[in-house]
Amino acid sequence: MRTFLLCLMLVWASSANADANVERARIHVAGTGSTFTVPDHAKLQFEVTVTAPSAMDAQRSVEQTLEQVISGLDGFDVDRSTLQASHLQVAPQYRWQPEQRQRVFEGYQVTRRASFTLESLDQLGAVYQALVKGGATSVNPAILDTHQRDALATKMLAAAFEDARVQAEAIAQASGGKLGAALEVTTMGDSVAPRPMLARMSAEAADAGNPVYETGQLEIRKQVQVTFALENTPAK
């Protein structure tokens, strides 16, 4: 009787180990979905910086210049709801005097940073000129983007999974097995990256004429890592 029970336990253990080996068979693949689209708007950021003997004088001058710059945007296709100018920075300025080996206070530097969205890319060159002529100390590169970003990203996510499935199917067939269900799916971050368009502009660029800006295309890419079950794995 004991011999029979021992044989039964060995057969069950062997079967359980075989099932465990089948369950541990996995295929890990990475899939990519990518497409290109034309940008339809731009995000711009500029700064106004003034240095004056007192912080109050510097801030007053910055506020006046900022108001002038924003007024210069009238007539352009600017989404006013996106206009933000809440960033304010105040910093004392010193100059090193080597003869006296000490720092000399020169005043306070006040900086206001503002940003907005331009809906018509064909106005981009004129907007840059308006910002610089209005008194912006610096204008950062325009960030091109598309309002269809979320919808396209969702499609590329599905395309990335399909790419992973096709790869896993090929691996399963090559190994003599059969592709099972997806056991785990991990997204690898959002690669829908708005693209910087231009180099930094300074006040000297205001006299350079009205340059032409090429928007090009945006690449929208999604990546996933997928773990599939591998069924009917041949015994080794």
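Asp79 contributes no side-chain N or O that, together with a main-chain N or O of Glu119, makes up a donor-acceptor pair within less than 3.5 Å. Using modelled atom types, one side-chain atom of Gln167 and one backbone atom of Ala30 make a donor-acceptor pair closer than 3.5 Å. Without hydrogens or angle criteria, Asp163 side chain to Gly33 main chain gives no donor-acceptor distance under 3.5 Å. Counting only distance, with no hydrogens or angles, the side chain of Thr117 and the backbone of Thr82 share no donor-acceptor pair below 3.5 Å. Panel note: side chain Ser120, backbone Asp77; no donor-acceptor pair is recorded below 3.5 Å. Checking side-chain atoms of Tyr128 against main-chain N and O of Ala142 turns up a donor-acceptor pair under 3.5 Å. Judged purely by atom type and a 3.5 angstrom limit, Ser61 has no side-chain atom pairing as donor or acceptor with the backbone of Asp57.
Trp96 and Tyr108 are assigned to two separate hydrophobic clusters, defined by single-linkage of ILVMFWY side chains at heavy-atom distances under 4.5 Å. When hydrophobic clusters are built by joining Ile, Leu, Val, Met, Phe, Trp and Tyr residues whose side-chain heavy atoms come closer than 4.5 Å, directly or via intermediates, Val62 is grouped together with Val90. In terms of hydrophobic clustering, with Ile, Leu, Val, Met, Phe, Trp and Tyr side chains grouped at heavy-atom distances under 4.5 Å, Val69 and Leu88 are assigned to a common cluster. Hydrophobic clustering (ILVMFWY, side-chain heavy atoms < 4.5 Å, transitive): Leu121 and Phe36 are in distinct clusters. A single hydrophobic cluster is not seen to contain both Leu230 and Val166; linkage of ILVMFWY side chains at heavy-atom distances under 4.5 Å, directly or through other members, places them apart.
The minimum heavy-atom distance between Pro39 and Gln217, with the atom names listed, is CD-CA, 4.2 Å. The shortest heavy-atom contact between Ala42 and Leu124 is CB-CD1, 4.5 Å. Pairing each heavy atom of Tyr94 with each of Pro92, the nearest pair is CE1-CB, 3.8 Å. Closest approach of Thr65 to Gly135, counting heavy atoms only: CG2-O, 3.5 Å. When every heavy atom of Phe161 is checked against every heavy atom of Val185, the shortest pair comes out as CE1-CG2, 3.9 Å. Closest approach of Glu231 and Gly180 over heavy atoms only: OE2-CA, 3.7 Å.
The residues Asp74 and Arg80 are annotated as salt-bridged, a charged nitrogen and a carboxylate oxygen being separated by less than 4.0 angstrom.
Each of His87, Glu47, Glu63, Gln89 was scored for a side chain to side chain donor-acceptor pair (under 3.5 Å) with Arg112, with one residue passing: Glu63.
Side-chain contact between Gln225 and His28 is absent, with no heavy atoms from C-beta onward closer than 4.5 Å.
Defined by atom type and a distance below 3.5 Å, a donor-acceptor pair is missing between the side-chain atoms of Gln64 and Gln68.
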